[in-house]
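Quick caveat, the model's predicted, so the values are computed rather than measured. These values consider heavy atoms only, across backbone and side chains, with no hydrogens, waters or symmetry-generated copies.
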Amino acid sequence: MHATAEQLSPATDLDWWRGGVIYQIYPRSYQDTTGDGVGDLNGITARLPYVASLGVDAIWISPFFTSPMKDFGYDVSDYQDVDPMFGTLEDFDRLVATAHRLGVRIMIDLVLSHTSDQHPWFQESRASRDNPKSDWYVWADPKPDGTPPNNWLSIFGGGGWQWDVRRQQYYLHNFLVSQPDLNFHNVEVQDALLDVTRFWLDRGVDGFRLDTINFYFADGDLRDNPALPPERRNAKIAPSVNPYNHQEHIYSKNRPENLTFLKRFRALLDEYPGTAAVGEVGDAQLGMELLGQYTKDGQGVQMCYAFEFLAWDPLTAARVVEVFDHLDEVAPDGWACWAFSNHDVARHVTRWNLCDQGARCYATLIHALRGSVCLYQGEELGLTEARVAYEDLQDPYGIEFWPEFAGRDGCRTPMVWEPSNLNGGFSDVKPWLPVASEHLGNSVGSQEARPDALLHHYRAVIALRNGSDILRKGTQEKTEAHGDMLTFFRVFDGRRIFCAFNLGGDICTTHMPDGNWQLIEGIGCEDPLRGQGGISLGPWQYTLLQEA
C-alpha cells in the first residue's frame, strides 16, 4: 500500500531533522488501553496531543513488530506486521494519520542486524545447508576440536556463537542466543531488508531509528578480535562486569562494507523526500569516527548518535569540550543526534545525581548544542532511574549480570500520567513492570498544574530551539571550559548566540564576549551579573545571549 493524503508527513522543511527534536516512546510503557498491563499503539495515539504540546518534531517508537519478546521486540519474527499485544496495522495507520494532523512525524525502530530465531527466514535457513535461505545468516563450521570458529563475544554475556544440531554448524548472535545475526554479505538479505523499509515508507512513516547500525556486517574471514588493553576499556556500551569490554570489536562489527549498504539505504530514503534516519552507533572506542563515516556527504543516514552522553561519566564542562573537539577532529562533516537518556541506560537525572536546577540546566544545554536531540519519555518530567526488585526484573541483560548490573528495567517502567492511583494512569491493572512510587509526584498531571514545573521548562527550551535557526542549524564554535563553566558560540548566517553554562556547584565567572548582547528572554537565570566585563553564574545557572 502507499500512504494516503491523510497519512502524508507534515508539509514543512524537508531538512526538519537537522537540529530537530525527537521524542522516544517505549510502547510497552507509554499507555495501556486494552487492560493487559502492556502499553499499545492506541495508547500512543491517545497521548499524541500531549506529545504535540511538547513541540517536538517527531516521535521514535521502539519496536512493535511481531516478536516472541525475548528481548522485548528487538527480536523480530515478522517485520511487516504489528505484534497483537500492541495492536494491528490499522491501529498503526491511525497513529500515523493522527500524528500528522498534529504536525508530528513518525519514526520507527528498525532492527536490521538480526532477527528472532522464530523468524521464518531463520527457520528455513537452519533447516539445511543448501536451502534457498541457507546463507541468509552468519553460519560457520566449528574448529577441528569442535569449539566455535573464533573468539567473538555476545554483548549479553558469554560467547557469540551457538551450536545448531540441524546444520551441525555454529550461528552468530551478537546479542541473545535467540537473536541470530543476518548475513549482509548476501545481497538477497540486503534486498529483503530494503523491501521491509519500503513497506513502512509506503505506510507513511517519516523515518527510522536504526538499531545497532554498526553491527550489520561481520568479517567475511571470521578473524579473531584482538584483546583490548585494560586502560582502553570502558563501560559505555556494556557494564564493566561484562567480558565484552575485553575485546576490540574490529571484526565482529564496524566493518567498512557497511558503508555500501548504507548508500543503498539512503538512496531508498531519498525516493521519499522529507524522510530521515538516525543510527545507533554501539561502540565504546570508535563511536564518533563511525558517526562521521555514516553521516558523511549524504551517502548514509542523516544523523547518528554514539554513547558519549549516555555513559555514567559525569558530564562536566571539560567532558563536553573533549567530545566536541573529538567530533571536530574525526567527523567534521558528521551530524550528531545527542541523547542523555534512552531505553538502554540509567536515566541521566540518576546517573549524574542532578537536583531540579541541574536537570533544568542540562535540559537547556542539550537544546543549545549543535546537532539533533533525542528525548526519552519521562525525561521531560525529571524521572529518576526506578528501583526494580530482582523478582520483578524482566530484562535478560539484568538477570544475567545481577546484582552488579541491574539491567535496563529501571528506565523502562511505565510513564506516569497522574498521581491518583498506584499505576500512575498507565493501566487499570498490574503493569508489566511496576510503576515507581517515587515517580507519582512528578506525573504529567501534577506538573501541568505547576507553572514552575520541569515539564514547562522543557516546553520552553524546545520552543526556543524551534524558533531559532541559529540553534537548530548553526555551527558551534569556540567550545571552551573555564573550570565548571562551559561556553560556546552558535553561529548561522553571520548571526551569533553566546551560551554559558555553570555545570558545577560553585559560582563561576567568565569574560563577556565582545559585542552588543541581549539576554534571550525566558530561558536561563536572571540577567547575568556583569561586573568588569564578565558573566557570573551560580551553581547550575546558565545564560544564552544573542548578538544585537
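The closest side-chain heavy-atom distance from R412 to D344 is below 4.5 Å. F488 has its side chain within reach of L486: a pair of non-hydrogen atoms, C-beta onward, lies under 4.5 Å apart. R408 places none of its side-chain heavy atoms less than 4.5 Å from the side chain of F72. A heavy-atom distance below 4.5 Å is not found between the side chains of I470 and V491. Proximity of D71 to Y397: side-chain heavy atoms (C-beta onward) are nowhere separated by under 4.5 Å. Side-chain contact between Q546 and Q518 is absent, with no heavy atoms from C-beta onward closer than 4.5 Å. At least one side-chain heavy atom of L471 sits under 4.5 Å from a side-chain heavy atom of I497.
Atom-to-atom distance recorded for T295:OG1 and Y305:OH is 15.0 Å, nearest 0.5 angstrom. Put simply, CD on E257 and CZ on F217 are 6.0 Å apart, with the number rounded to the nearest 0.5 Å. If you take CG on D325 and CD on E322, they are separated by 8.5 Å, rounding to the nearest 0.5 Å.
Looking at Q179, its side chain does come within 3.5 Å of a backbone N or O of L176 through a donor-acceptor pair. With hydrogens and angles ignored, the 3.5 Å screen pairs no side-chain donor or acceptor of D395 with any backbone N or O of I399.
Classified by interplanar angle (parallel below 30°, tilted 30° to 60°, perpendicular above 60°), the ring pair Y362/W540 is tilted. Using the six-membered ring where Trp is involved, F501 and Y542 have ring planes that are parallel, under 30° apart on the 30 and 60° scheme. Between Y458 and H367, the angle of the ring planes goes over 60°, which puts this pair in the perpendicular group of the 30/60° scheme. Ring-plane geometry between Y74 and H343 is classed as parallel, the angle between the planes falling under 30 degrees on a 0 to 90 degree scale with a further cut at 60.
Scanning all heavy atoms of the two residues, the minimum distance from Q302 to L269 falls at OE1-CD1, 3.8 Å. Between D484 and A317 the shortest heavy-atom distance is O-CB, 3.7 Å. Of all non-hydrogen atoms in R347 and L383, the two that sit nearest each other are CD-O, 3.3 Å. Closest non-hydrogen pair, G159 versus S154, comes out as O-CB, 3.6 Å. Across all their heavy atoms, R233 and L228 have their closest contact at NE-O, 3.2 Å. Contact record, G19 with W335: N-CZ2, 3.5 Å, taken as the closest heavy-atom pair.
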Original post:
T350 and T384: side-chain hydrogen bond (donor to acceptor under 3.5 Å, both in side chains), yes or no, with the steps?
Top reply: CA-CA 5 Å; T350 296; T384 55; 4.6 Å; no

**OP:** Could you walk me through whether M288 and V323 pass side chain to side chain contact (heavy atoms under 4.5 Å, CB included), step by step?
**Re:** CA-CA 9 Å; M288 301 295 271; V323 168; 3.8 Å; yes

Original post:
N254 and N214: side-chain hydrogen bond (donor to acceptor under 3.5 Å, both in side chains), yes or no, with the steps?
Top reply: CA-CA 5 Å; N254 305 334; N214 55 314; 2.8 Å; yes

**OP:** Check the pair N225 / N151 against side chain to side chain contact (heavy atoms under 4.5 Å, CB included), numbers first and verdict last.
**Re:** CA-CA 7 Å; N225 283 325; N151 69 346; 4.0 Å; yes

Original post:
When you look at I22 and L375, which way does the side chain to side chain contact (heavy atoms under 4.5 Å, CB included) test go after all the steps?
Top reply: CA-CA 6 Å; I22 302 165; L375 303 177; over 6 Å; no

**OP:** For the pair V281 and L290, evaluate side chain to side chain contact (heavy atoms under 4.5 Å, CB included) and give the outcome as yes or no after the intermediate values.
**Re:** CA-CA 7 Å; V281 179; L290 296 172; 3.8 Å; yes

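More than 12 non-hydrogen atoms from other residues, nucleotides or ligands lie less than 6.0 angstrom from CG of D270. Within a 6.0 Å sphere centred on CD1 of I507, heavy atoms belonging to other residues, nucleotides or ligands number 12 at most.
Between W352 and F340, the distance separating the two ring centers is shorter than 6.0 angstrom. Ring centroid separation for the pair W312 and F405 does not come in under the 6.0 Å cut-off.
Salt bridge status for D219 with R255: present, with a side-chain N to carboxylate O gap under 4.0 Å. With respect to E248 and R232, a salt bridge is recorded, a charged nitrogen being found less than 4.0 Å from a carboxylate O. A salt bridge links E280 with R209: the closest approach of a Lys/Arg side-chain nitrogen to an acidic carboxylate oxygen falls below 4.0 angstrom. R370 and D328 are not joined by a salt bridge, as no carboxylate oxygen comes within less than 4.0 angstrom of a charged side-chain nitrogen. Here D333 does not pair with K296 in a salt bridge; the nearest charged N to carboxylate O distance is not below 4.0 Å. Salt-bridge check for R496 with E547: passed, with a basic side-chain N closer than 4.0 Å to an acidic carboxylate O.
Residues that satisfy the ring-ring contact (aromatic ring centres under 6.0 Å, His included) test with F175, not counting sequence neighbours, are H114, F156, F215.
A donor and an acceptor atom, one from each side chain of T487 and H511, are nowhere located under 3.5 Å apart. Residues E379 and Y23 bring no donor and acceptor atom of their side chains to less than 3.5 Å of each other. For T275 and D206, the side-chain atoms include no donor-acceptor pair closer than 3.5 Å. A donor-acceptor contact closer than 3.5 angstrom links the side chains of D181 and N174. Side-chain atoms of Q447 and H456 form no donor-acceptor pair, as typed in the model, at a separation below 3.5 Å. Inspection of the N150 and Y251 side chains reveals no N or O donor paired with an N or O acceptor under 3.5 Å. Looking at N258 and Y294, their side chains do bring a donor and an acceptor atom within 3.5 Å of each other.
Applying the side chain to side chain donor-acceptor pair (under 3.5 Å) rule to pairs touching residues 470-480 yields D13-K473, D57-R472, N466-R472, T475-E477, Q476-T479, E480-H482, sequence neighbours excluded.
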